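Small disclaimer: the values here were computed from a predicted structure and weren't measured. In the text below, chain A, chain B and the rest are named by the order of the sequence lines, each starting its count at 1.
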Protein chains: 2
Amino acid sequence: MIARTDTKDRILASADRLLRSHGFNGFSYQDIARPLGIRNAAVHYHFATKADLTVAVVESVRKLLHDRTDHFMAHGGDARLQMEGFLVFSIRECAADGCVCPVGALAADFFALPEPVQAAARRLVDDLVTWMTRVCTLGREQGSFRFQGDPADKAREILAALQGARQLSRVLGPSAIEAVAEQLRRDLGIAGV
Amino acid sequence: MIARTDTKDRILASADRLLRSHGFNGFSYQDIARPLGIRNAAVHYHFATKADLTVAVVESVRKLLHDRTDHFMAHGGDARLQMEGFLVFSIRECAADGCVCPVGALAADFFALPEPVQAAARRLVDDLVTWMTRVCTLGREQGSFRFQGDPADKAREILAALQGARQLSRVLGPSAIEAVAEQLRRDLGIAGV
DNA sequence: GTCTATAGATCGATAGAC
DNA sequence: GTCTATCGATCTATAGAC
């Protein structure tokens, strides 16, 4: 059934964009239904509750992360390429539509979120930290990165900086995340590559 | 009139806490009125609209920042003390109640916010960046900080990292911001002081 | 300055026809 | 799978008594 899958995917894509641009409490089923030319109730058919829909969005992002990093997590690879890919990805997404990552979108309302949504956010953050920690560990072993201290701390610092930078960019413009990304490169000793 | 000022201040304090814990779209006039033992309409008497109330919250934070940094901005001082004070302040606020700074609270919904609220957020971010840039500039001149590149870039990196860390801490627990703060110190060469 | 009462809108969600 | 219709709740904001 092409129609079913197609509509469900469109709903998911729309919810993804709305969640990351307006936050969990900043979009409604109406906002999703109207541009798709369907009704409120049709969205509820595919995703019974707003919590279900939001969890699905977070899980789709988590799956995207796994698709892009599973090989690296299992077999290793060039840490500098992984890092640079993530920086460029963050800058491009931020500049394109000012969207933050789902974690940043959910964190602001976190204590007011349905518990399943909180749990999904936790899973995504755990995955991001695990992956970034491996990138930092391998990068230093490979002689690509220069930093002091525990790779797990450096990983959280980098993730926090990018998350915060995407939010700063909403207020200051796209130059903010570019400046932060370039400073992160300088700190790691990979600027001007 | 003690009563008037007192209630207005209580409303402001309550709104501050609610904004930073639940986001702009995550709290209502009811949430403010009930714990204070007053009614919805009484809040509207002091702050006509939710935008007015939110702008007042942001401006009060901006005033607090000025009170703490005006002397430093005018006459200089010990950059390491300014930096350490800000790190400790951020950690303590984050651990106490999981609140993010107003910028982080407003950034998630930013494109859905009333324009005056967006403008107030911009003013606060500009002030923070200006101050932190001065801290970084003086810190390097004083030989306290070690970093590559433009102090304005380092300043935005640090602010972004702390803002992101406060949000990560909601998901991962208070250890996240402590780890990020310690990594920021290591990067600057002021760890273990 | 605070109240009661309510307007007016929107929200998430459900029931049932098609 | 999408529709119409609607429920019940909640929200921002206002009017007017006290």
Using whole Å, what does the distance between atom P of nucleotide D:dT10 and atom CG of B:N25 come to?
17 Å
Would you please indicate if the ring centroids of A:H44 and A:Y29 are separated by under 6.0 Å?
yes
Mind listing the N/O atom pairs, protein and nucleotides 14-16 of chain D, below 3.5 Å?
none

d(OH, A:Y29; P, D:dC7) in whole Å
21 Å
Taking the six-membered ring of B:F145 (Phe, Tyr or Trp), confirm whether the NZ or CZ of B:R80 is under 6.0 Å from its centre and within 45° of its axis.
no
Nearest-Å distance for atom pair CG/C1', residues A:D52 and C:dA13
12 Å
Rounded to whole angstrom units, what separation is found between the CZ atom of B:R39 and the P atom of D:dA13?
19 Å
Tell me whether the guanidinium CZ or amine NZ of A:K8 lies under 6.0 angstrom from the six-membered ring centre of A:F47 and within 45° of its axis.
yes
Can you tell whether the side chains of B:D153 and B:R156 come within less than 4.0 Å, N to carboxylate O?
yes
Of all the choices, D:dC11, C:dC3, D:dC3, which nucleotide is nearest to the side chain of A:I38 once you look at every atom?
D:dC3
Just to be sure I understand the rule, does A:F27 reach a base, reach only the sugar-phosphate, or reach nothing, if contact means heavy atoms closer than 4.0 Å?
sugar-phosphate
Please give, in whole Å, the distance from D:dC11 P to B:F47 CZ?
19 Å
Name the orientation class of the two ring planes belonging to B:F27 and B:F24 (parallel below 30°, tilted from 30 to 60°, perpendicular beyond 60°).
perpendicular
Ignoring backbone atoms, test whether A:S28 places a side-chain nitrogen or oxygen under 4.0 Å from the OP1 or OP2 oxygen of C:dT10.
no
Quiz item: cation-pi between A:R186 and B:F147, 6.0 Å / 45°
no
Report the distance from atom CZ of B:F24 to atom C1' of D:dT12, rounded to the nearest whole Å.
10 Å
Rounded off to whole Å, could you give me the CD-to-P distance for the A:Q30 and D:dT2 pair?
16 Å
Can you tell which of D:dA13, C:dT4, D:dC3 lies closest to the side chain of B:K50?
D:dA13
Calculate the interatomic distance between B:Y45 atom OH and D:dT12 atom P; express it in whole Å.
21 Å
Less than 3.5 Å apart, any donor N or O on the side chain of B:T49 or B:D52 sitting next to an acceptor on the other?
yes
